Amino acid sequence: MTQKQKVLVTGATGTVGRHVVAELLARGHEVRALTRDAAKAALPTGVEVVEGDLTEPETLVPALRGVTGLHLITFGGAGFTPLETGARILESARAAGVRRITVLHGGGPTPLENAVRAETEVDWTVLMPVEFMANALEWAEGIAAAGEVREPFVSRLSAMVHEADIGAVAAVALTEEGHSGQEYVITGPRSLTVGDKVAALAVARGQDIRLVELTEEQAVAQWRASGLTEDVISFLLEVYGNTPEVGRTVVDTVEKVTGRPARTFGRWAAEHADAFAPASRAATA
Ligand SMILES: NC(=O)c1ccc[n+]([C@@H]2O[C@H](COP(=O)([O-])OP(=O)(O)OC[C@H]3O[C@@H](n4cnc5c(N)ncnc54)[C@H](OP(=O)(O)O)[C@@H]3O)[C@@H](O)[C@H]2O)c1
């Protein structure tokens, strides 16, 4: 067990951040969590919740007092707008005596991640997860209502990762020696097709799920109808139609860094089975 440390987690109410918080707590560390709205944060007991906004770096100065670790996201506000405030945030972190920083890679170069990589006084680690298992929640409505998933490119492979494993890698890198200057690609234990994922979700909900393969044109029409912007649609066509090798190749980062095997999608599905329950069962539950 490493010595108890105090870490400031930004993005703490998010899909990944909640697991960074949980994994730090599970390892016996103290957590201060940043949010723009403490009343809505719903973080576990024992977490010190503080208000602040990453687009207004002066609000981080009190939040950074007394912490040795800092977990950062690269965006702020609606639409995942890249933060331009990295230099100011790092200046405050240095002044506060922060020793280790993790940054959650935002899918491409961002000013904040560049600022972290240029940092020479504080140890830093870039966390580069592939597709989150939580993306399967996008299917929850269709599965609960109609028992089906409607997707294009159903044979595409994804080495998708459980968000808790991103949190676990972050927690170790924030509190232990040996991770400075590393870029950690973080994946799950298997590369899965859409069919593999649908099969695991069917086991978890205890009922079959129909997989309907869409043509590219049908998928674009469906995404437009659901309100996605043309930029997002182009991004989806690119990553689903032509998943880069890094997104479909399993690596052993989770086991190497945390000493435990990466969590499976079957486990994720079991943990989230309620979200995929038939609408009639969910209504009577
Ligand atoms: N989805 C994937 O498959 C995938 C894969 C790899 C990488 N990524 C990357 O992961 C990141 C998304 O992570 P996520 O899904 O965990 O995020 P998320 O669930 O959308 O959470 C957003 C978090 O950001 C915080 N936030 C937003 N603007 C803020 C601001 N101005 N000041 C302070 N906090 C702010 C929110 O805090 P409050 O609302 O509480 O203030 C919230 O905790 C993106 O960079 C994405 O590119 C995603």
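For this chain, numbers begin at 1 and follow the sequence in order. One-based numbering, in listed order, for ligands and for the atoms of each. All values derive from a computational prediction rather than experimental measurement.
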Can you tell me the protein heavy atom closest to atom 8 (N) of ligand 1 and the distance? Phe132 CZ, 3.4 Å
So is Pro129 in contact with ligand 1, going by heavy-atom distances below 4.0 Å? yes
Which ligand 1 atoms are under 4.0 Å away from a heavy-atom of Ala12? 43 (O)
Does ligand 1 come near enough to Gly52 that some N or O of the ligand is less than 3.5 Å from an N or O of the residue? no
Consider every N or O of Leu54 and every N or O of ligand 1, then say whether any pair is closer than 3.5 Å. yes
Could you give the side-chain donor-acceptor pairs of residues 253-266 under 3.5 Å, partners two or more places apart or in another chain?
{"from": "Thr253", "atom 1": "OG1", "to": "Val185", "atom 2": "O", "distance (Å)": "2.5"}
{"from": "Thr258", "atom 1": "OG1", "to": "Val254", "atom 2": "O", "distance (Å)": "2.6"}
{"from": "Thr258", "atom 1": "OG1", "to": "Arg260", "atom 2": "N", "distance (Å)": "3.1"}
{"from": "Thr258", "atom 1": "OG1", "to": "Arg260", "atom 2": "O", "distance (Å)": "3.3"}
{"from": "Arg263", "atom 1": "NH1", "to": "Asp165", "atom 2": "OD1", "distance (Å)": "2.4"}
{"from": "Arg263", "atom 1": "NH2", "to": "Glu23", "atom 2": "OE2", "distance (Å)": "3.3"}
{"from": "Thr264", "atom 1": "OG1", "to": "Arg267", "atom 2": "N", "distance (Å)": "3.1"}

Counting from 1 in the order shown, the ligand 1 atoms closer than 4.0 Å to a non-hydrogen atom of Phe80 are 12 (C), 20 (O)
Would you say Thr35 and ligand 1 have an N/O pair spaced under 3.5 Å apart? yes
Atoms of ligand 1 under 4.0 Å from any heavy atom of Val16, numbered from 1 in the order shown, are 16 (O)
Quick one: does any side-chain atom of Gln5 pair with a main-chain N or O of Gln3 as donor and acceptor, under 3.5 Å? yes
Do you know which of His179, His71, Arg100 makes side chain to side chain contact (heavy atoms under 4.5 Å, CB included) with Thr125? His179
Report yes if some N/O of Gly11 lies less than 3.5 Å from some N/O of ligand 1; otherwise report no. yes
If you scan protein heavy atoms around atom 43 (O) of ligand 1, the nearest is Thr13 OG1, 2.7 Å
Taking only non-hydrogen atoms of Gly106 and a 4.0 Å limit, the atoms of ligand 1 in range are 45 (O), 47 (O)
Side chain to side chain contact (heavy atoms under 4.5 Å, CB included) test vs Leu54 passes for just one of Thr74, Leu34, Leu112, namely Leu34
Can you tell which of Thr55, Asp37, Ile73 gets a heavy atom nearest to atom 24 (O) of ligand 1? Ile73
I want to know if ligand 1 touches Glu131 in the polar sense, i.e. an N/O pair below 3.5 angstrom. no
Any idea which atoms of ligand 1 are less than 4.0 Å away from a heavy-atom of Asn135? 1 (N), 2 (C), 3 (O)
Between Leu25 and Pro44, is any pair of side-chain heavy atoms under 4.5 Å apart? yes
Proximal atoms of ligand 1 relative to His105 (non-hydrogen, under 4.0 Å): 7 (C), 9 (C)
Considering non-hydrogen atoms of the protein only, which is the closest contact for atom 26 (N) of ligand 1, and what is the distance? Arg36 NH2, 3.7 Å
Residue and atom name of the nearest protein heavy atom (relative to atom 44 (C) of ligand 1), distance in Å to one decimal: Phe75 CE2, 3.6 Å
Validation row: Ser158, Thr243 side chains within 4.5 angstrom (heavy atoms): no
Arg65 and Val61, any side-chain heavy atoms less than 4.5 Å apart: yes
Under the rule for side chain to side chain donor-acceptor pair (under 3.5 Å), what residues qualify as partners of Asp53, not counting sequence neighbours? Thr55
Distance-minimising heavy-atom pair for Gln207 and Pro278: OE1-CG, 3.1 Å
Compare Gly14, Gly247, Gly77, Gly107 and give the one whose heavy atom is closest to atom 21 (O) of ligand 1. Gly14
Ranking Leu83, Leu127, Thr15 by closest non-hydrogen atom to atom 19 (O) of ligand 1, top hit is Thr15
Considering only the protein, which heavy-atom contact is closest to atom 31 (N) of ligand 1, and what is its distance? Asp53 OD1, 2.8 Å
Is there a chain of hydrophobic side chains (I, L, V, M, F, W, Y, each step under 4.5 Å between heavy atoms) that links Leu214 to Leu236? no
May I ask you to decide whether Glu151 forms a salt bridge with Lys197, counting only side-chain N to carboxylate O separations under 4.0 Å? no
Number the atoms of ligand 1 from 1 as they appear, then name those within less than 4.0 Å of a heavy atom of Leu104, with their elements. 10 (O), 11 (C), 13 (O)
Worked verdict on Asp231 versus Ser234 for side-chain hydrogen bond (donor to acceptor under 3.5 Å, both in side chains): CA-CA 5 Å; Asp231 279 355; Ser234 305; 5.4 Å; no
With heavy-atom distances below 4.5 Å as the criterion, would you say the side chains of Pro152 and Glu216 are in contact? no
